[in-house]
Structures are given as C-alpha cells and as structure tokens.
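Here is how names work: the chains are called A, B, and so on, in the same order as the sequence lines, proteins then strands, and each is numbered from 1.
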Amino acid sequence: MRDEHFLFSGSYVPLNHGSYGAFPAAVRTYQRSLQDQTESRSDAFIRFKAPSLLLESRTAIAGLLQVPRQTVVFVPNATTGVNTVLRNLSWADGDVIVYLSTAYGACEKTILHICETTPATSVRIDVSFPIEDDDLVDLFRLRAQGIAAQQGKRVKVAMFDTVCTFPGVRLPWEALVEACKAEGVLSLIDGAHGIGHIDLFDLGQVDPDFFTSNCYKWLFTPRPCAIFYVPTRHHHLIRTTYPTSHGFKPSQERQIPTAASSDSDYLGELFKWAATVDMSPYLSTLEALRFRSNVCGGEAAIENYCFDLAQQGGKRMAQLLETEVMDNRNAKLSQCCFAMVRLPLRFASDTVSTTDRVMDRRSEATRGGIEYNQQLLPPERGPEFVKTIMDKLRDEHDTWIPMKFYSGAIWFRISAQVYLEMADLEWAAGVLSKLCKELPGSASGS
Amino acid sequence: MGVVGGMNDGTVCSDSPVSFGKQMRERYFLFEKNYINLNHGSFGAHPLPVRQELSRLQNEADANPDKFIRFTSPTYLDTCRRRVSEMLHSHCDEVVITLNATTAINTVLRNLYFQQGDHILMLSCVYGAVKKTAEYLAETTPVQLDEVDCTFPVADDEVISRFRAAVRRHSSRGTSIKVAIFDTIASMPGVRLPFERLIEECRAHGILSVVDGAHGIGCIPINLSQLRPDFFVSNCHKWLFVPRSSAVLYVPFRHQHLIRSSIPTSHSFVPRSTGFAGQRHIVNPMLLESGKSYFVSLFQYTGTVDSTPGLCIDVALRFRAQICGGEHAIQRYCCDLARRGEVLAAGILGTEGLAIAEKNRVGFANVRLPIDNALLSSPAYCTGDTEDHDTVANRINDFLHRAMMDEYNTYIPVIFQGGAFWARFSAQIYLDLDAFAYGAAALKELCIRVNSCGAVAVLGHTGEMAGSQQRRTTSVL
C-alpha cells in the first residue's frame, strides 16, 4: 500500500500520521489537475466551476457524517473552526469557558486570547491519563456545577477533543456532549482527529453544538482541509467567517434560516468564499473518499485495520520494550488509531505517576521489567531526553515519533495507518530501545 | 520588447531573449491555448518555473510532512521574508507572510481596541471584504464607520480635500478617527490612489493608516521606509507571479506590540497573564526558535495551511529579474500596454477610458461600456418598480460575465459606478494589443445584445440567470 499508493520518500518511515496527515498519489494527481485547470482558465474555474465542486464535496462529507448538507462547510483546519466559534460568540461578564488540560495548545491559546480581550474567563480542568470514561464525565459535571453555583457565573461553552493530540487517546466525547446538554452548556467539539479516524455516523444523533474536524489528518485529503459543522439551531450565532469576507451580511440584511426554510443555505453562502485561497484541497475530498472506498475497502475497513494495528501494535511494542500501553480499565482510551506506549526509562518520582497506576493494573507483563537504567533518572531531565531521542529519530533513522515527558514517564505516540504494518512498529520499537540505551545517564550510556 | 537572460539555477534555461506578449505567454505561462486572460488583477497568474518550484515544494512536503513543516519550511520562509522585505525597503522583521490581504487586514483590525467614539474611515472604493470586516466590527465593538466618497473619476487633490473634510467633521463633533483604511490601487475601477499623501494626512492627524496594497507589490514600486504607513498589506499572488495564495503583512516595530494574536490564534501566542499556572504545560509543538521576535514567530505558523505558495517568492523574484528584465521593465510594459489598450478598446467600443491623471495609471485599462442606462429602469431587466439601479446593474453584469466566459473564453470584470458601466482590463507581460482588441470586440457584441434587450432571453422572471446553479457574486475580485 505504501509503495504503491503513497508519496513518502523511500527511506522515511511515516509513524506520525496524526500530525499532518498524508494523502495518496491518486488524490495528489487529482489535486494537481484541479490546480492545472485553475491556472489554465482562472476566472472560469474559480468563479464558475469551483462552487459546484465545493457543493459536491460538502454533499459527500454530509453523507459521511449523516447530517444535512446545510450544516457542514469547509474551513482550512480545526484551529480555524474553533476560532470561528469562539470569536463569533458574544461574551458577557460571568461567562466561563471550560476545557481540559489535554486541549490542543493552539485552541487553549485561543481561549486565553478570548479571555484577554472579552469579559469571558476560563477554567482548565486538569486531567491525568489514564482515567475511566465515567470518571472523566463525572469530573466535568462536578466542575461545571461548581462554577455554575458561584454567584454570577455560568459555563457558556465547554471544549473537548474527540481524540486528544497528546496523549493520543479517545475521549468519551459523546457522553461529554450529553453532560453539556444536561448542564445547559454549549459543547464545542475539537474533532481535529475525528473524520476518518473514529466512526462519526452518529454525529447528528450525538448532536454537539459545534464540531470541527481535520480532513487532511485522517481522511487522506491534501492540506489544508477541515470541516465545520453547526446544527441549524445555532446558525444565527455564526455571523462571520475568519477572516470576514464577501459572504458576510450586515445584521439588517442577514436572513437566518429557521428549521422550516430548509432550502436555505445560510452557512454555505457565508463560507463559500473566505478570501482568496487555493481551494483544491477542499475540492479533492470526493477523490479522497473514492480512494478510501475503492482501494481501501471503505471507512469501516480502514478503521478496523488502523484500530487493530494500533492496539496489537501497541501491545507488541510494549512487549518488545518491556513496558506497557496507556489505557484505562475498560480499554476505551485505545479505541482509536493511536498507540500510546511508555519508553523503558524509570524516573524518580514521589507522586503516583501514570506509570505506577498503569503498572498496578498490568496482569501479564513482568512487574518491574528490565528497564534500561538501574538507577532512577531525574525527572527534570525528561524533556531533554525527549528532545535527544526525537532529534536522533529524525537525523539518524528518518522517522518522527511524538513523545512527551508525561506524568512521570516518557510516553510516545504511534499513528496507525493503512500504509503501515506490524513490522514497521516492531522496527520502531527496536530503534527506540537502542536510543534509550544510548542516552547519557542510562546504564549502558555514557 | 526583448529581454535577456535565463535563470541560472537550472530551473529554466533561456538561451535567447523572450519578448513580452505572445512569446512570453507561449514559453512561460500556463493558460489554455485559446483563453485570453484579461483579468490578471483578480487572481494573478504564475509562470512555469514558479509552478515547478511549487510542485517541488509540495512533493517535498508530501515525502516527509513532519520534516518539511517543522524544520525546512521555516528556513525557506525566512528567505522569502527577507527577499520580499528587501523589495519593499523594510526591515526583514517587520514583514511576515500570510495567506491573503483580507486575512492580513482582519488580523490588524481585530487586534486593535475600539472605544466609544472611535471611527474607522474608509474610501467608498474600499474592497468589499474589507468593508464587511469593518461592518462586522461595527456590529460587535463600539467602533463606528465613516466613508469618504471616491467615485471615479476624481482628482487626487479632491480625494485629499474630502479626507481632510472628514477629519474636520469628526474633530468638530468630538469623535475620533482611529483608523483610516485606503488602497494603494482601488480594485474596481483599477486606479492608483494618492496613498502617499493619505498616509501623511493620517500621520498629521494621529490616525492609524491601514494601507490595503492588495494591488501593490509587483504592480508599482513600494518603499515602506519612505512611506512609513502604520500598517501595510499586499497580495503576492496578484502581481508578483507567486501562486495563490500569499500576502505580506507589514507592521513597523513601533506598532508590533499592538499585534497580540494571529487569526486564528496559534502556538506562538503568549498570554499576558503570567500568573496562569497552566501556561508552562501548554505544549508548543512548533519549536519557537530563540532569536525570533514575538511578531515574527506569531506568524510562522498559524494553523496547518499550505505554506508552499509563499515559499515560491524567491523563485518568482528571480524569474522577474532574470527572464523579464526586472521590475521596472515589467511595470513599464504593463502601464504602457494598459494605456494603449485602453485607447484601442475605447475606440472599438465607441466610448472612452476613465479620465485619470496618467500618473495614476497602473496595469489597468478602465473602459466605459456603451450600455443604455435607461435599461436600468426597463421592465426587461427589473423585477419591480422600485428596484435600485445597482441591483439591476449587477444582473446585467452577471450576464456579461457569464456570456463572456461561455462564448468568448475570456473574463473582464465590469462594475456599475458613477452612473456608468466600466470594464477593467488587466495588462500583463503575456499580453499584447491583440488581446485588448479581442476583449473589446467581445464586449461590444455583448453590449449590443444587452441594449437590444436580447439578454432578456437568458434572464428568468426572477432576474436570475436561467439554469444558473446559484447566484454568483460579482464582488469577488
């Protein structure tokens, strides 16, 4: 699959699909043909052909998500989707934005900027993984209720991922949306890792208030391409794109559709043009879906393969490294295309770390394992070791694996994909094992 | 007009000079054989060597996305920033690359704080999306809007005079003009504005000048160290032969503290509240290099986009220098062709060009169309008694644009302003007078049909184009 259909350089081992995605040659060829058409007759393509192609792509995505086309538009990326929601909402004194500590950095920064420039304030709920789904939902509800109980405060919006960036774990986002409804809070779902990654056929049923997801990540479209979903009942809240462009109508001209006027495409008209950009990534969506269906066997087949590889591959890597995967008791966190595995480095810690909690639950692997350093490493060197290993992965092994010193250990994230096999993950485990041994301060290192 | 040289980097080798006009088009541009591109001003165009560079960069990104996005593209970006800042005569760290002028203007305006009494002053020829940005701000912040009429033709002195009158008006009312937005070159019609003098007026009255140079770099010489605007933006994909889309945002050092966040906010944003305990835990996956200023690092990454168009700036500039003979040669050819093309087109159409001072001519020809204004009230084109002329005119323009494309394989934007229909032709190095003659002949025939109400056959009762999928916006320029 990799050699036949994808565009990676020969020596590169693509273990980090999660960051920037990748797309097959068929999609690139299609995209280039769109770019050729654009250069060949620019006004003809941009003004007269692209709009109908855009509609087709929206229709296809709407079909995948089982939502009305009028509720789905394209934006460049999920960060833009999140910014679009948060910057369109009006913020009054007492409004609180709630989010988890695992929120994507740029989204958290957006919230902080909003709090600098409007009356809104924010509450960051510290979450340490692994955590049980129910516990997470309970934690959110408790905190939300606690805020609402304070004089003059109300939780206006809560932001959650579908699958977090780091650690790469699936959140019980459906239950969190439900909890938001119970608490009277608007749910903003940052599904950056969403479409093409987890099953979203129930999006309409789950019914979040706002949802955005990157297509360039897991749907095999070129960069940049994301979808932005807003149910009709909230269209009146979204007045402008970012940047504001031709689709904006001043309030006296704006006609927000009620549910009854179903042939209106308010959101579509607004987002049809958001300043001059190369729209070919959006317009390549259909081709990406075609590839996934015809060559890969469809969404379910892809999801099964990737989940399986992530779960089996994660276990295998943990076995080779003699460590463990990150998961909760109900094995819900790992219901995604990421494998989170610990590096065999023990750090000194006087608090119960993730490592200890996970190790407590390990039933099979040798407790205490053969770690690569007999003495405990100082935790303040964790980030430095992360950088050393990641630099070497890039410079000496032509790959890239995101990792982080998290809860007292170094955890790395592997992205499973249709162009990977178990052998690739086994290879990575071998490389990581070697790099751990080479670290200064480890038993066999200098 | 012959030019010398080939690009000495192996991308393109030209042993013999390539003339502007048909030869340049055949050799270096990517248009379909029979397509006459008379609308460079809207979406620009880029030559083959730039296209090759774009593909090369995109291939590099696809071969190893992490390496390209995290490590190599920032280096390319710095080179392009340096090259473009040299061309604009600004310091390298006062210039960042963004996606387009609209994004750049939105970034500036949304970072400013507006209080009760503050106004944004615009010229009436302001670009549609910029006006809409201001309108949105007027809805969501205390700022109010004001406008200076700039219906063309209008002499430079008159524009300045009206601007001053607006300043005086606010002064006497006790309100303030916080920001004035004006173009270097208005879009429709395409006319150079006295922006240098407007910048000086702003400076004299303590008004922040936001110069929309969407039509700027590569079209006219820009010297920011002399002009010293407060903010300046320009599209590289319009007149600089850079692919869509790429623009520069210039913020002089003295104002960089005002730009707190990119739009959207991204990793390099540093929140003010130092007391926030969680800050140190916010992961910044885009390595913030030491030595880069906050302003520069803010725009190095603003969410995952396709940065490759902007990374072609270097190759585009080398093409212009080595194959085209340099900026002066290109700009002189374009102005010259526009001037002669305007005379030719007006002759064919039996009308006249827009009366502007020659110093305000750039690579645009603005020619009046011989459309009978009485049609604006005619039942052939109106759907109701009280329909305003602009709406009816837009309907006629829609017909012209569509028919031009379908039947003549060209596109010349038309606008109804100052009581007449004006067609804007863009001159470029891949064109010659034949192209202008062709465009004018096409327009002439279509205007005859409009005048004889022949267009009514393609207009349904709603006034919309029969068979059209959706309303096309004529404001997309």
Check for a donor-acceptor pair, side chain of [X] on one end and backbone N or O of [Y] on the other, with a separation under 3.5 Å.
X	Y	result
A:E39	B:A45	no
A:E116	B:P271	no
A:K109	B:F269	yes
A:D278	B:S245	no
B:N100	A:T276	yes

Below 4.5 Å, heavy-atom pairs only: which of [options] has the largest tally toward chain B?
options	value
A:T79, A:T117, A:N214, A:D36	A:D36
A:P281, A:P76, A:A44	A:A44
A:N88, A:T84, A:D398	A:N88
A:T110, A:L7, A:D43, A:N83	A:D43

What residue in [options] has the most heavy-atom pairs under 4.5 Å with chain A?
options	value
B:N59, B:N37, B:I36, B:N409	B:N59
B:S261, B:A101, B:G303, B:A104	B:S261
B:R260, B:E135, B:R110	B:R110
B:L137, B:V305, B:T107, B:T410	B:V305

Is there a side-chain contact between [X] and [Y] in this structure, where contact means two heavy atoms from C-beta onward sitting under 4.5 Å apart?
X	Y	answer
B:H267	A:E108	no
B:R51	A:Q35	yes
A:I46	B:R244	yes

Closest approach of [X] and [Y], non-hydrogen atoms and distance?
X	Y	value
B:K132	A:H246	NZ-O, 3.0 Å
A:A275	B:T102	CB-CB, 3.7 Å
A:Y12	B:P65	CE2-CD, 4.2 Å
A:K249	B:E139	O-OE2, 4.5 Å
B:L99	A:V277	CD1-CG1, 4.3 Å
B:S42	A:R47	OG-NH2, 3.1 Å

- Query: Crowded around A:D3 CG? As in, over 12 foreign heavy atoms under 6.0 Å?
  - Reply: no
- Query: Within a reach of under 6.0 Å around CD of A:E253, are more than 12 heavy atoms found that belong to other residues, nucleotides or ligands?
  - Reply: yes
- Please step through side-chain contact (heavy atoms from CB on, under 4.5 Å) for the pair A:W400 and B:F71, ending with a clear verdict. CA-CA 12 Å; A:W400 183 261; B:F71 300 108; 3.5 Å; yes
Under 4.5 Å heavy-atom distance to chain A, tell me which part of [X] shows up: side chain, backbone, both or neither.
X	result
B:I263	side chain
B:S246	neither
B:Y113	side chain
B:H237	side chain
B:E60	neither

- Query: Where does the angle between the aromatic ring planes of B:Y136 and A:F248 fall among parallel (under 30°), tilted (30 to 60°) and perpendicular (over 60°)?
  - Reply: perpendicular
How about [X] and [Y]: does a side-chain donor come under 3.5 Å of a side-chain acceptor?
X	Y	result
A:R223	B:T308	no
B:R70	A:S19	yes
B:T304	A:Y20	no

- Is A:D395 salt-bridged to B:K67, going by a charged N under 4.0 Å from an acidic O? no
- Salt-bridged, A:R394 to B:D66, with N to O below 4.0 Å?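 No, this pair does not count.
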Distance, nearest 0.5 Å, that separates [atom1] of [X] from [atom2] of [Y]:
X	Y	atom1	atom2	answer
A:T241	B:N106	OG1	CG	7.5 Å
B:R272	A:C115	CZ	SG	13.5 Å
B:F29	A:S40	CZ	OG	14.0 Å
A:R41	B:N34	CZ	CG	10.0 Å
A:L89	B:T140	CG	OG1	12.5 Å
A:S42	B:F31	OG	CZ	6.0 Å

Checking heavy atoms, do the side chain of [X], its backbone, both or neither come under 4.5 Å from chain B?
X	result
A:F6	neither
A:R32	both
A:P14	neither

